[in-house]
Amino acid sequence: MISKEHIIKRFISYVTVDTESDPSSETTPSTKKQWDLANKLADELKAIGMQDVNIDDNAYIMATLPSNVDHEVPTIGFISHFDTSPDFTGANVNPQIIEKYNGKDIILNEAEDIILSPDYFEDLLLYKGQTLITTDGTTLLGADDKAGICEIISAMEYLIQHPEIKHGTIRVGFTPDEEIGRGAHKFDVKKFGADWAYTMDGSQIGELEYENFNAASAVVKIKGKIVHPGYAKDKMINSMYIATEYINSLPRLETPEHTEGYQGFFHLHDMEGHVEETILKYIIRDHDMGHFEARKEVMIKLTNELNSQYGREVITIEIKDQYFNMREKIEPVMHIVDFAEKAMKKLNIEPLIKAIRGGTDGSQLSYMGLPCPNIFAGGHNFHGRYEYVPVESMIKATEVICKIAELVALKKIK
């Protein structure tokens, strides 16, 4: 039985280390402070008895749990990231432990009147009677994805302490900069040497995902002309007005706040405007490749139409693909999803197989030759002050890792 107190202590030791990544940095990791946790994790892996523990010049960590069976089985891996999102501060995280949650409002910060309420976050009611770890309302928590790291290390420690549980060779990997889309960029798949892997980076207990968005970024630049406003008639061109026209010409209901499930979207996530120039930054998302390409074409066509309307090139657009739906790479090897589903069922966890409305290191890794579905880590409300994780979900995720290892070791997969 995996100790609740042990899981809590380990998790808190991770989230209280600030590892926020920085998209404006060109280094790997993007922030020096990520090294603080990276080095701690490498030391901890050695301390629990893992073999071949290695941390490279970019802070990628790999380690091995050797097989304890005498027959050949596939080498499997488990992967998580240790950076936290720059969307909200991860400095000075002060976790709060809520024992036997009663299903009512949780006061995160009385002074600032910050409340985590099931009236707004209904998923809280799934965990009535359980132990929750929350923020103090001033930072994110970091369960994305320090919960996954905690679960992987705890599972490896448990398997080492219980050699009666048979397993093949297991590789673990921890990455920087996943939150800024670079987690897999310098991951050495060949060095990792696994036949397949799982990212422990999902949310609600039971989640099992092998589909994700196709993703692209788009930067739209609008050029204007600035002259003295008192003498501007027929001379000034205000780029912000043209930008407003561009924004309003895209489908208004195809935005994140109006979509769900397999519905894609255009998301304006940043803008900076002056009369002379306005810059709009979008992300484009869709699970269906045909729809994804069509969305990019919509933005290009709109750019051309407005340029034609103004009689010159007032708008330029640059679109860059970011990652693709890993379903294409997972479906030919669906037995790796079946292992995870079977493991959950044996632990009386209802599998929630669904598409990720986002990205994951597993997507890029799958296209790099390492098929990599995603499994729940237990947290909710990532990237903000209302983030929380049920301890019981973390324990179950740890048990799922152990059970997958046990099931894979039963026989060789041909």
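Predicted model, so just to flag it, every value in this text is computed and none were measured.
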**OP:** Check side-chain contact (heavy atoms from CB on, under 4.5 Å) between K46 and all other residues, then give those that pass, not counting sequence neighbours.
**Re:** V53
Subject >> Under the side-chain contact (heavy atoms from CB on, under 4.5 Å) test, residues paired with D270 that sit two or more places apart >> reply: K281
**OP:** Classify the side-chain pair D286/Q263 by whether it contains a donor and acceptor separated by less than 3.5 Å.
**Re:** no
Original post:
Any chance the side chains of D144 and H383 put a donor and an acceptor closer than 3.5 Å?
Top reply: yes
Original post:
Is it true that atom CD of E272 has more than 12 heavy atoms of other residues, nucleotides or ligands lying nearer than 6.0 Å?
Top reply: no
Subject >> Q309 and E245: side chain donor to acceptor below 3.5 Å >> reply: yes
Subject >> Check: M344 and L208 side chains under 4.5 Å, non-hydrogen atoms >> reply: yes
Original post:
Around Y310, counting heavy atoms of other residues, nucleotides and ligands shown, do more than 12 lie under 6.0 Å from its OH?
Top reply: yes
Subject >> Minimum-distance pair of heavy atoms, taken over all atoms of T278 and S239 >> reply: OG1-OG, 2.8 Å
**OP:** Indicate yes or no: at least one non-hydrogen side-chain atom of T131 is less than 4.5 angstrom from one of Y101.
**Re:** no
Subject >> D83 and S21: side chain donor to acceptor below 3.5 Å >> reply: yes
**OP:** Give the ring-plane orientation class for Y246 versus Y282, where under 30° counts as parallel, over 60° as perpendicular and anything between as tilted.
**Re:** tilted
**OP:** Using the ring pair (Phe, Tyr, Trp, His ring centres under 6.0 Å) rule, take F82 and F174 through it: C-alpha gap first, then chi angles, then the decisive distance, then the call.
**Re:** CA-CA 7 Å; F82 50 79; F174 302 139; 7.6 Å; no
**OP:** Consider only side-chain N and O atoms of K186 and T28, and report whether a donor and an acceptor are under 3.5 Å apart.
**Re:** yes
**OP:** Give the ring-plane orientation class for Y127 versus Y388, where under 30° counts as parallel, over 60° as perpendicular and anything between as tilted.
**Re:** perpendicular
Original post:
Where does the angle between the aromatic ring planes of H267 and H269 fall among parallel (under 30°), tilted (30 to 60°) and perpendicular (over 60°)?
Top reply: tilted
Original post:
Does any non-hydrogen side-chain atom of I2 lie less than 4.5 Å from one of E399?
Top reply: yes
Subject >> Side-chain (S85) to main-chain (D87) donor-acceptor, under 3.5 angstrom >> reply: yes
**OP:** Examine H287 together with Y262 and report whether their ring centres are nearer than 6.0 Å.
**Re:** yes
Original post:
Nearest heavy-atom pair of I153 and L41: which atoms, and what distance?
Top reply: CD1-CD2, 3.9 Å
Original post:
Is there a donor-acceptor contact under 3.5 Å linking the side chains of T199 and N374?
Top reply: yes
Subject >> Test ring pair (Phe, Tyr, Trp, His ring centres under 6.0 Å) applied to Y386 - qualifying residues, sequence neighbours left out >> reply: F121
Original post:
Please walk me through it: do T84 and E20 pass side-chain hydrogen bond (donor to acceptor under 3.5 Å, both in side chains)?
Top reply: CA-CA 5 Å; T84 60; E20 183 178 326; 5.4 Å; no
Original post:
Crowded around K296 NZ? As in, over 12 foreign heavy atoms under 6.0 Å?
Top reply: yes
Subject >> Short side-chain to backbone donor-acceptor contact, D177 and R182, under 3.5 Å >> reply: no
